[in-house]
Undergrad: 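Could you have a look at this structure, given as structure tokens, before my questions?
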Amino acid sequence: MLPELRTPIPGPASRALAERLRAHESHNVTYLSDGFPVFWERAAGTNVWDADGNRFLDLTGAFAVASLGHSNPALVEALAGQASTLLHGMGDVHPSEAKVRLCERLSELTFERWGAGTGKTVLGCSGFEAVEAALKTAHLASGRTGVVTFENSYHGTGYGTLAAGAMPRFRTPFARQLAEIGEVLPFGNAGLDPLRSTLSRGETGAVLVEPVLGRGGKTVPEPDFLPSLRSLCDEFGAVLIADEIYTGLNRTGRLFACEHWGVAPDIICLGKALTGGFPLSACVGRAPLMDAWPVSDGEAIHTSTFLGHPAGCAMALAALEQHADPEVAAGVAATGERLRAALSGLDAPGAGDVRGLGLMLGLELSGDVDSGALAAAALGAGIIVLADGPGGGVLAFAPPFGISDEEIRFTAGWLQEYLTSLFGSSS
Ligand SMILES: Cc1ncc(COP(=O)(O)O)c(C=O)c1O
């Protein structure tokens, strides 16, 4: 549904909540300004309602989590059903059946589907935990410490992911505490020659890659990039880790983005849309590789209190049931084409190329468009959208898959009007 605003944005209730938060939350966490944020009260489908009763159109999918729609009824039902019977298990001691079924299902949908044997899983809560479990696996399996990542990648903010290589903004403040294990190479084919020479030194155990850059600006690599990573990893015995926390589960119009290039990684990391709204992530790897971990002797060497949370597992199973339907991927591809066409059709000087895949798209903004001001203006018009990419120069689109043609037209219409009001028409 289109936005319906009852107050100026942010309204009085949101402003009052912001003041209270300012007093009691670390001031690095929530960005508080005149135009930001609105406080969310409820959400359904593509819409979010704030504390003032305003209805917004969400083009972010709430960080690409709400792919199947906010408060997807089947996911809510799975959560409620699980919560009413078993709200917490003992993840690595006395787990729930839901954890068993989720590990089986993840294997079926990844390595078994790819004809690459079975998969074994380490579950986590946040996405970065899945990446860190993958990095630990690669270290145990290869005996090597080195990790290669790529420029403008984002793998989360844990110390392990920062050590592997992260955008300077996240890494630099903590750099003195981080082991020097990472090497950051150009993303795309420009990174292949340097990768070959790094791998040939024999110190690299893991090559960690987002098949399409998410927060880094929705950049799609050249068609031979992923296949070349696969063959270089095979040649030099490094573990290929696909971080599909953003791209996974149909976001790019395929169940997993690496399938666009016919590449099966050694490990795939999932999170975000895996549950559609519960903090649960998964590191799924080829069984022989995952067996590099020692058998538990009663004390796991990698665990956490909420590992394999039954509510998260139940939601993930419900989400995977929907994602496994090939019509979901086809629908995302078709809707993505319509959104791409609408954005490509913008006739305004600030609007550049459209990039990305499926419903993971980015509109390049010319240097003279302040993307923060654009996001605030959009919010004021009832549209929730964020910018990403280097310097925030890309307007990011990762809406719930159910975004309608009317909502797409509305979005493009608003952008056209806003950019024209900044610069005038390009014609
Ligand atoms: C590709 C990718 N990897 C890892 C992460 C980190 O996930 P989380 O924020 O759940 O730790 C993100 C989050 O945006 C991501 O996009």
Side-chain angles (χ1 to χ4, degrees), residues 28-30 59-67 122-138 147-167 169-171 174 182 184 187 206-221 226 229 240-252 254 256-258 260 265 267-284 302 304 306-307 309 312 315-316 319 356-362 385-390 392 394 396-399:
N28 182 251
V29 181
T30 308
L59 301 179
T60 69
F63 307 132
V65 168
S67 294
V122 175
L123 293 171
C125 297
S126 292
F128 82 84
E129 288 178 61
V131 176
E132 295 191 346
L135 294 174
K136 286 181 174 179
T137 306
V147 180
V148 166
T149 60
F150 296 92
E151 283 165 7
N152 297 316
S153 300
Y154 182 77
H155 303 290
T157 55
Y159 271 87
T161 48
L162 295 183
M167 296 173 186
R169 165 185 191 80
F170 301 108
R171 189 179 196 280
F174 307 102
V184 184
F187 181 75
V207 174
L208 171 61
V209 66
E210 288 176 82
V212 177
L213 294 183
R215 284 191 73 172
K218 313 293 177 281
T219 309
V220 183
L226 258 281
L229 290 191
L240 180 60
I241 304 170
D243 178 349
E244 294 233 22
I245 287 165
Y246 201 134
T247 54
L249 301 166
N250 291 315
R251 173 55 62 191
T252 67
R254 294 277 173 99
F256 302 109
C258 53
H260 285 282
I267 298 181
I268 185 166
C269 297
L270 301 172
K272 291 188 184 284
L274 177 58
T275 61
F278 193 93
L280 184 120
S281 63
C283 157
V284 191
H302 176 93
S304 63
F306 292 110
L307 182 151
H309 195 286
M315 286 181 76
L357 282 174
L359 279 170
M360 180 176 172
L361 297 178
V385 68
L386 295 173
D388 58 27
V394 178
F397 298 87

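The structure presented is a predicted model; accordingly, all values stated were derived computationally and were not measured. Counting starts at 1 for both ligands and their atoms, in listed order.
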Undergrad: Can you check whether Y246 reaches K218 side chain to side chain, under 4.5 Å on heavy atoms?
TA: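 SC-SC contact between Y246 and K218 confirmed.
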
Undergrad: Does the E244 side chain pair with the main chain of A257, one donor and one acceptor, at a distance under 3.5 Å?
TA: yes

Undergrad: Are side-chain heavy atoms of I241 and C269 found at a separation under 4.5 Å?
TA: yes

Undergrad: Less than 4.5 Å apart, any side-chain heavy atom of L359 and any of R251?
TA: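 The answer is yes; the side chains approach within 4.5 Å.
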
Undergrad: Who are the ring pair (Phe, Tyr, Trp, His ring centres under 6.0 Å) partners of H302, not counting sequence neighbours?
TA: W293

Undergrad: Evaluate the criterion side chain to side chain donor-acceptor pair (under 3.5 Å) for residue pair T149 and H155; output intermediate values, then yes/no.
TA: CA-CA 9 Å; T149 60; H155 303 290; 5.5 Å; no

Undergrad: I'd like the residue list for ligand 1, meaning every protein residue with a non-hydrogen atom under 4.0 Å from the ligand.
TA: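 Residues S126, G127, F128, Y154, H155, G156, E210, D243, I245, Y246, K272 each place a heavy atom under 4.0 Å from ligand 1, listed by chain and number.
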
